[in-house]
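Note that the structure is predicted; figures quoted are calculated from it, not measured.
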Amino acid sequence: MAEEKVQAGSPTATEEKPKENLVRITFMPEGRTVEYEHGKLPYQHHGKPGSILDVAMNNDVFLDHACGGVCACTTCHVWVKKGAENLSEPDDDELDRMDTAADLQLNSRLGCQAIVTKPGEVVVEIPAWNRNYVSEGKH
């Protein structure tokens with residue numbers, strides 16, 4: 001199955017060698033992929049700097065965050081499908097909060113707390129209950 005590459009921002013045809021410092025995050029089920037240079041993402045005050053939520057908001061990918069990204073709810077809950085080794089370890093506050101999340105899985109993380117710590121590829125899935133909530137909220 002071929003992957004579709006969508007670049008955030010301007011269109012570019014450079015698919016040669018990936019940069020050594022490149023972070024590539026794919027948000028499923030949409031298959032939207034964003035890329036940026038590790039350590040160069042401007043902080044938009046959505047969750048912790050460099051978090052999955054921060055990356056999403058920087059690139060116009062909707063990831064609900066009812067508490068403003070301060071680890072006080074679970075609306076930014078995602079499942080990390082690939083690249084967990086490129087993310088920070090969950091701290092006690094995140095683990096405590098995750099105990100209240102719907103559809104909790106071993107690969108569950110809060111987007112506001114999971115920080116991209118090094119270059120590489122990460123694939124996250126936004127759970128269906130969150131996608132359905134978003135769809136209903138946009139009407």
Side-chain angles (χ1 to χ4, degrees):
M1 185 162 104
E3 290 183 16
E4 180 181 336
K5 180 179 173 189
V6 179
Q7 288 237 328
S10 62
T12 179
T14 56
E15 294 225 20
E16 293 146 16
K17 291 189 253 179
K19 294 179 185 176
E20 280 185 33
N21 211 23
L22 184 71
V23 174
R24 178 180 291 144
I25 302 182
T26 301
F27 294 88
M28 300 302 288
E30 293 81 13
R32 172 104 186 268
T33 298
V34 296
E35 297 178 343
Y36 64 95
E37 188 175 349
H38 186 259
K40 303 288 184 180
L41 187 73
Y43 182 45
Q44 297 294 321
H45 302 285
H46 297 288
K48 291 182 175 179
S51 66
I52 296 292
L53 178 62
D54 194 31
V55 172
M57 297 293 93
N58 261 289
N59 291 282
D60 298 320
V61 174
F62 185 81
L63 179 56
D64 196 17
H65 54 288
C67 73
V70 297
C71 197
C73 71
T74 61
T75 55
C76 66
H77 174 203
V78 297
W79 297 318
V80 179
K81 298 296 194 176
K82 180 178 180 181
E85 68 277 4
N86 298 327
L87 301 175
S88 61
E89 291 292 323
D91 62 17
D92 289 340
D93 288 339
E94 180 181 0
L95 292 171
D96 289 346
R97 182 59 55 197
M98 287 303 299
D99 284 342
T100 66
D103 296 327
L104 187 64
Q105 297 182 8
L106 290 175
N107 61 347
S108 289
R109 292 296 305 269
L110 292 181
C112 68
Q113 301 298 299
I115 300 168
V116 179
T117 58
K118 59 185 174 183
E121 185 174 4
V122 177
V123 177
V124 297
E125 181 175 351
I126 300 171
W129 62 267
N130 198 343
R131 292 190 311 266
N132 291 338
Y133 170 78
V134 170
S135 296
E136 292 167 8
K138 287 188 173 185
H139 291 310

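- Both Met57 and Tyr36 are part of a single hydrophobic cluster, where members link through side-chain heavy atoms under 4.5 Å apart.
- No side-chain donor-acceptor contact under 3.5 Å links Ser108 to the backbone of Trp79.
- In this structure, the separation between CG on Leu22 and CD on Glu37 is 8.5 Å, given to the nearest 0.5 Å.
- Nearest heavy-atom pair across Lys48 and Ile115 is CD-CD1, 3.7 Å.
- Atom CD1 of Ile25 is separated from atom CD of Glu35 by 10.5 Å, given to the nearest 0.5 angstrom.
- Note: the hydrophobic cluster containing Leu110 does not contain Ile126 (ILVMFWY, side chain heavy atoms under 4.5 Å, direct or indirect links).
- When all heavy atoms of Ala102 and His77 are compared, the pair lying nearest together is O-CE1, 3.0 Å.
- A side-chain contact (heavy atoms from CB on, under 4.5 Å) with Leu63 is found for exactly one of Val124, Ile52, Thr75, Val55, namely Ile52.
- Side-chain contact between Val78 and Phe27: absent, with no pair of heavy atoms (C-beta onward) separated by less than 4.5 Å.
- Residues Cys67 and Ala72 come closest through the heavy atom pair SG-N, 3.4 Å.
- In this structure, the separation between OG1 on Thr117 and CD on Glu89 is 9.0 Å, given to the nearest 0.5 Å.
- Between Ser51 and Arg109 there is no side-chain heavy-atom pair separated by less than 4.5 Å.
- When atom types are taken as modelled, the side chain of Asn59 and the backbone of Val61 share no donor-acceptor pair closer than 3.5 angstrom.
- Side-chain atoms of Asn21 never come within 3.5 Å of backbone atoms of Pro119 as a donor-acceptor pair (strictly under, hydrogens ignored).
- The line from CG of Asn107 to CG of Leu87 is 11.0 Å long, rounded to the nearest 0.5 Å.
- Few gaps surround CG on Asp99; more than 12 heavy atoms of other groups in view lie less than 6.0 Å from it.
- Looking at heavy atoms from C-beta onward, Gln113 lies out of side-chain contact with Arg97 at the 4.5 angstrom threshold.
- Once rounded to the nearest 0.5 Å, the distance linking OG1 of Thr26 with NZ of Lys81 reads 13.5 Å.
- Taking CG from Asp54 and SG from Cys76, the interatomic distance works out to 11.5 Å, rounded to the nearest 0.5 Å.
- Under the rule for a salt bridge (Lys or Arg N to Asp or Glu O under 4.0 Å), Lys118 has no partner lying at least two apart in sequence or in another chain.
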